[in-house]
Novice: 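Mind having a look at this structure? Questions to follow.
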Amino acid sequence: MMQQEDQIGGDESDLESLTSASLRDAHRFRAQFSGMVRQRAYIFDGDGKYYNKEWDLKEGTGKEFCWYHVELPKGNQKLSQSAQHLIDVLCPPLKLQDILSLVSNGPFCGHVDGALVFRVNSPGPASSSFTFKIAARITENSVITVSLGRVPRLGFSPMGQSLLSEVPSVDSPSYYRGEQKERSGIVIEEHVLEFLLTMNHSEEADNPVPSSVSNLVVHIIDTHVDQLQDVVTKLEIELDAVELEMDRGGFAMKKQMLDDRRFPKLHLNLQRLLQVIAHGEQVFPRVKEKCSTKPWFLAEDINSLEELIGRLRRLKENVGFIANRVTAIQAGLDSWQAEQINRKLYYLSFLSIIFLPLSIITGVFGMNVGGVPWTGQNKPELADGFRNVMYICLIMLVVVLSCFGFPALYSRIASWWRMRAMNRSWSLNRRSFQKRPNIVQERRGYLRL
């Protein structure tokens, strides 16, 4: 009996140790997830000012409203791992239904547990530059957003820290009348300038601080459209550079483009981008429709949403034009590759036509039958048989080459003859024109040609 009690007590202690170990592993697992995501929390006073706040997921009171943003890491991760990231940082107070409505793929707009939720999440790989995810949960005094990777201009930073508000200066000193003259201003390096040229928006320090939740919603959608516009601008610059390289490049560069399958991959990425834009065309009009029924959503922000929807439609047309350009470039490369293959086949057929008569001759004289001339090995009068066969092969080769070369030679002689006749007629017309200046002076008018 005592042994049984000792065994039961040992089992209970082992169970407690296993439970504590599993809890420690779960806590370590959640701590690991919390370090992989980035979190931002702001509180707005409704009068054009904002402050950073702690991550407590509480709503504002009165005119104040809060914004909580979660930035998921870009990498080769599954959708379930992204859901675990959100569970780690948003639960509690959010429920599993809220988490799934924010992290799932595809377009969505509707009310979940009393809050307006919309998402524009493309189902592509998270590590791709053409995969975009933006989701928002909106209430009257709080907004929770989730994005994949960093969204440019989404956050806020103190005024006076914008690079665009600085006076630029070149990296090298300027020269004026042979004298070296130092210029004042912040130095802009070349790679920074190239990055700024692809931007269609300002920086975070230049963002107007929203005074209401509706302003914040418009700001979130505006940054998403700006991000798509940046990608389209980079694609246009890349295509311009590729077209210039193709005009200047030769065989090796075009062959490298075909081997790398650059344009089929780019066309696939464009289809992903079009899918994201199509999701936005489905979701944002519904967001405008549902927000128009909210008493706290301003009418001017409804008009701003309508303008953003128009921008998105124009962006879709622009991406369609880029896809047509990519298709045209790929068609040009395919035609060039087909031309190279046809040229090689032409050379191969040329060689086969040349050697076909020679092979026939050698095959005839190589027959092991009687009556073939110059095949007697022991007769001295037939000692020149090999030389005669070589003469026949040489004559046949000259005939075949003449058949191939005569059209080209004829076209060259004909073009030379036409050019000579044109030069002769031009010289005669010029001489006759030079003999008529007195007639022109007498008539004092235009010369009839």
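Only a predicted model underlies this, so the values are computations on that prediction, with no experimental measurement involved.
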Novice: Could you tell me whether Arg150 and Glu71 make a salt bridge, using a distance below 4.0 angstrom between a side-chain N and a carboxylate O?
Specialist: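 Between Glu71 and Arg150 there is no salt bridge, as every charged N stays at least 4.0 Å from the carboxylate O atoms.
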Novice: Going by ring pair (Phe, Tyr, Trp, His ring centres under 6.0 Å), name the residues that satisfy it together with Tyr68, two or more places apart in sequence or in a different chain.
Specialist: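 For Tyr68, the residues satisfying ring pair (Phe, Tyr, Trp, His ring centres under 6.0 Å) (neighbours in sequence not counted) are Trp55.
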Novice: Does a salt bridge link Arg262 with Glu238, judged by any charged N lying under 4.0 Å from a carboxylate O?
Specialist: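 Between Glu238 and Arg262 there is a salt bridge, with a charged N closer than 4.0 Å to a carboxylate O.
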Novice: For Lys294, is the NZ atom crowded, meaning more than 12 foreign heavy atoms sit under 6.0 Å from it?
Specialist: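 Yes - once you tally the heavy atoms of other residues, nucleotides and ligands closer than 6.0 Å, there are more than 12.
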Novice: Kindly give the heavy-atom pair with the smallest separation between Gln330 and Pro264, and that separation in Å.
Specialist: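 In terms of heavy atoms, the two residues are closest at OE1-CD, 3.4 Å.
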Novice: Before you tell me yes or no, could you show the steps for Thr233 and Asp230 under side chain to side chain donor-acceptor pair (under 3.5 Å), namely the whole-Å CA-CA distance, both residues' side-chain angles and the distance that decides it to 0.1 Å?
Specialist: CA-CA 5 Å; Thr233 304; Asp230 290 344; 5.3 Å; no
Novice: Gln275 and Pro123: which non-hydrogen atoms are nearest, and at how many Å?
Specialist: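 Shortest heavy-atom contact: OE1-CD, 3.7 Å.
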Novice: May I ask you to check whether over 12 heavy atoms, not counting those of Gln271, lie within 6.0 Å of atom CD?
Specialist: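 Yes.
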Novice: Count the heavy atoms belonging to other residues, nucleotides or ligands that lie under 6.0 Å from NZ of Lys58, then report whether that count exceeds 12.
Specialist: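 No - once you tally the heavy atoms of other residues, nucleotides and ligands closer than 6.0 Å, there are 12 at most.
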Novice: Judged by atom type as modelled, is there a donor-acceptor pair below 3.5 Å linking the side chain of His279 to the main-chain atoms of Gly106?
Specialist: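 Answer holds: no.
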Novice: Checking Leu348 now: which residues fulfil side chain to side chain contact (heavy atoms under 4.5 Å, CB included) with it, not counting sequence neighbours?
Specialist: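 Testing Leu348 for side chain to side chain contact (heavy atoms under 4.5 Å, CB included), a comparison that skips the adjacent residues, returns none.
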Novice: Kindly say whether Leu102 contributes a backbone atom to a donor-acceptor pair with the side chain of Asn121 at under 3.5 angstrom?
Specialist: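 Yes.
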Novice: Can we say Asp45 and Lys63 salt-bridge, meaning some charged N sits less than 4.0 Å from an Asp/Glu carboxylate O?
Specialist: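 Looking at Asp45 and Lys63, the cut-off is not met.
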Novice: So that I can tick it off, tell me whether Asp301 and Lys288 are bridged by a salt bridge, with the cut-off set at under 4.0 angstrom between side-chain N and carboxylate O.
Specialist: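 No salt bridge links Lys288 with Asp301.
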Novice: Say whether, by atom type as modelled, one donor and one acceptor occur between the side chain of Lys133 and the main chain of Ser147 under 3.5 angstrom.
Specialist: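 No, because the side chain of Lys133 does not come within donor-acceptor range (under 3.5 Å) of the backbone of Ser147.
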Novice: Restricting to ring pair (Phe, Tyr, Trp, His ring centres under 6.0 Å), what partner residues turn up for Phe44, sequence neighbours left out?
Specialist: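 Phe44 satisfies ring pair (Phe, Tyr, Trp, His ring centres under 6.0 Å) with Phe65, Phe156 once adjacent residues are dropped.
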Novice: Taking it one step at a time, do Arg325 and Glu243 satisfy salt bridge (charged side-chain N to carboxylate O under 4.0 Å, His left out)?
Specialist: CA-CA 10 Å; Arg325 289 178 61 186; Glu243 290 176 352; 3.2 Å; yes
Novice: With distance as the sole criterion, is a donor-acceptor pair present between the side chains of Thr139 and Ser142 under 3.5 Å?
Specialist: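 Their side chains do contain a donor-acceptor pair, which is all the 3.5 Å distance test asks for.
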Novice: Assess whether atom NZ of Lys255 is packed by more than 12 heavy atoms of other residues, nucleotides or ligands within 6.0 Å.
Specialist: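 Counting other residues, nucleotides and ligands, NZ of Lys255 stays at 12 neighbours or fewer.
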Novice: Taking the side chain from Ser128 and the backbone from Gly124, do they hold a donor-acceptor pair closer than 3.5 Å?
Specialist: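 Flag not set: sc Ser128 to bb Gly124 has no pair under 3.5 Å.
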Novice: For Glu307, is there an ion pair with Arg311 - N to carboxylate O distance below 4.0 angstrom?
Specialist: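 No salt bridge links Arg311 with Glu307.
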Novice: Classify the side-chain pair Gln229/Asn318 by whether it contains a donor and acceptor separated by less than 3.5 Å.
Specialist: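 There is no such pair (donor and acceptor under 3.5 Å, judged by atom type) between the side chains of Gln229 and Asn318.
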Novice: With Trp296, which residues qualify under ring pair (Phe, Tyr, Trp, His ring centres under 6.0 Å), at least two apart?
Specialist: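 Checked Trp296 against ring pair (Phe, Tyr, Trp, His ring centres under 6.0 Å); zero matches.
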Novice: Between atom CD1 of Ile99 and atom CG of Leu86, what is the distance when rounded to the nearest 0.5 Å?
Specialist: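 Here the interatomic distance stands at 5.0 Å.
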Novice: Mind checking what makes side chain to side chain contact (heavy atoms under 4.5 Å, CB included) contact with Gln337, not counting sequence neighbours?
Specialist: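 Leu258, Asp334, Ile341.
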Novice: Keeping Arg119 on the side-chain end and Ser101 on the backbone end, is there a donor-acceptor pair under 3.5 Å?
Specialist: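 Between the backbone of Ser101 and the side chain of Arg119 there is a qualifying donor-acceptor contact (under 3.5 Å).
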Novice: For Thr145, check side chain to side chain contact (heavy atoms under 4.5 Å, CB included) against everything at least two apart and list the hits.
Specialist: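 Thr145 satisfies side chain to side chain contact (heavy atoms under 4.5 Å, CB included) with Trp67, His69, Ala136, Val143, Ile220 once adjacent residues are dropped.
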